[in-house]
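Accompanying notes for the structure given below.
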Amino acid sequence: MPELPEVESVVRDIRPFVCGKKICDVEIFLPRLVKTDVDAFCISLVGQSIKSVERRGKYILISLGNKKLLVIHLRMTGALIYLEKGSQKSEPYTRIKFCLEDGSRLIYADSRTLGTLHLVDGICELKGLAELGSEPLAPDFSADYLRERLARKKGAIKGALLNQEIIAGLGNIYVDEALFRSGIHPERVALTLEKKELSLLHREIQEVIREALGEGGTTFRDYRNGLGEAGNFQERLKVYGREGKPCTKCGKALEKIRVVGRGTHFCRYCQK
DNA sequence: ATAGATTCCTGGCTGC
DNA sequence: TGCAGCCAGGAATCTA
């Protein structure tokens, strides 16, 4: 499940290899992943050079010479992998191939095929992208921002942290980890968090994202970076996927429950 | 305005 | 051993 650290790793990996190169062909094996007109998608991409590769939330933004923007969301099992010229690797579940002028390729692979690709003129054309909240590591993500955005949220804090309109890029893994580090129960009503808890939560969100970035993200099942390699942060997870195992703080068994429809890992003794 | 349920999708795991 | 059924979950869409 690629979240901010995983998507950022992909972007950092592929950027130096694809920037400045021209796309000479696009092969689409599963057209329904392309959510804008497929013919226009191919026509507008072929012959264009790649100007930049950026990330916003969990979206990958690839800007082209003709000012168009290729927007890729990996969802659950999507992967964007760079293959150099002559590479014999065949990526399983290849859905779309972007062939570059020097013989290298950018492969979009996706086993569960929930990923999306859009070709747009600007960010505002995509609602989910246009309405993203603050980046957790950007200066505008402050403890005050978090307090203001949670002040009217009557649902579980877990749900609010997963809401991309509040914080861009958090997913199930890092929300569970940040709540554990903060000692906050995932079912706490968001607006009941006290100022002290909010500033701790703010700090732990930033810290867990920073650490995960440093480890090249988390490979729990399928995630691979832009070069097809696994991340390392799974070794540092404290609660996600550790139900039944001892809590690293108190030693009692961690539990898994369902909160806002999501599998949620936590310690009932350490998170209040 | 807000929150909850449903939908998409398939590989891998569980249990009979 | 075989297979049905369930689960993983991000985000759009729908309902209340």
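Lettering follows sequence order; numbering is per chain, from 1.
- The aromatic rings of A/Y240 and A/F220 lie perpendicular to each other, with more than 60° between the two planes, well past the 30° mark.
- Computed from coordinates, the A/I60 CD1 to C/dA11 C1' distance equals 16 Å when rounded to whole Å.
- Separating the CZ atom of A/F220 from the C1' atom of C/dG10 is a distance of 17 Å, rounded to the nearest angstrom.
- When heavy atoms are screened at a 4.0 angstrom cut-off, A/M76 is found touching base atoms of the nucleic acid.
- Expressed to the nearest 0.5 Å, how far NE2 of A/H73 lies from CG of A/L61 amounts to 10.5 Å.
- The stretch residues 150-180 of chain A touches DNA chain B through A/R152, A/K153, A/K154, A/G155, each having a heavy atom within less than 4.0 Å of the strand.
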### Message
Let's go through A/R105 and A/E91 carefully: what are the C-alpha distance in whole Å and the side-chain angles of both, what is the deciding distance for salt bridge (charged side-chain N to carboxylate O under 4.0 Å, His left out) to 0.1 Å, and is it a yes or a no?
### Response
CA-CA 11 Å; A/R105 287 152 292 162; A/E91 287 301 326; over 6 Å; no
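- For A/H73, no side-chain nitrogen or oxygen approaches OP1 or OP2 of C/dG10 to under 4.0 Å.
- Distance, A/H118 NE2 to C/dA11 C1': 11 Å, rounded to whole Å.
- In this structure, a donor-acceptor pair under 3.5 Å is present between the side chains of A/S134 and A/D140.
- In 5' to 3' order, the nucleotides of DNA chain B bounding all contacts with chain A (an atom under 4.0 Å from a heavy atom) are B/dT2 to B/dG11.
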### Task
Please step through salt bridge (charged side-chain N to carboxylate O under 4.0 Å, His left out) for the pair A/R203 and A/E207, ending with a clear verdict.
CA-CA 6 Å; A/R203 191 161 58 235; A/E207 186 54 27; over 6 Å; no
Output one line per pair: protein atom, nucleotide atom from nucleotides 12-16 of chain C, and distance, for all N/O pairs under 3.5 Å.
unit_1 : atom_1 : unit_2 : atom_2 : d
C/dA12 : OP1    : A/Y59  : OH     : 3.4

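- A/R15 contributes a side-chain N or O that, together with a main-chain N or O of A/V53, makes up a donor-acceptor pair within less than 3.5 Å.
- Protein atom NZ of A/K256 is 16 Å distant from nucleotide atom P of C/dC6, rounded to whole Å.
- Within the 4.0 angstrom heavy-atom criterion, no nucleotide atom of any strand lies near A/K35.
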### Task
Evaluate the criterion side-chain contact (heavy atoms from CB on, under 4.5 Å) for residue pair A/H202 and A/Y145; output intermediate values, then yes/no.
CA-CA 9 Å; A/H202 168 258; A/Y145 171 87; over 6 Å; no
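- For the residue pair A/S142/A/D144, the side-chain donor-acceptor check at 3.5 Å is not satisfied.
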#### Entry: Intermediate values then yes/no, salt bridge (charged side-chain N to carboxylate O under 4.0 Å, His left out), A/R236 and A/E177
CA-CA 10 Å; A/R236 312 249 299 254; A/E177 293 296 312; over 6 Å; no
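- Atom pair A/L117:CG and C/dG10:C1' shows a separation of 15 Å (rounding to whole Å applied).
- Phosphate proximity of C/dG10 to A/R262: present, with a side-chain N or O under 4.0 Å from OP1 or OP2.
- When only modelled atom types and interatomic distance are considered, A/Y223 and A/E3 share no side-chain donor-acceptor pair under 3.5 Å.
- Salt bridge annotation for A/K238-A/D176: absent, with no cationic side-chain nitrogen under 4.0 angstrom from a carboxylate oxygen.
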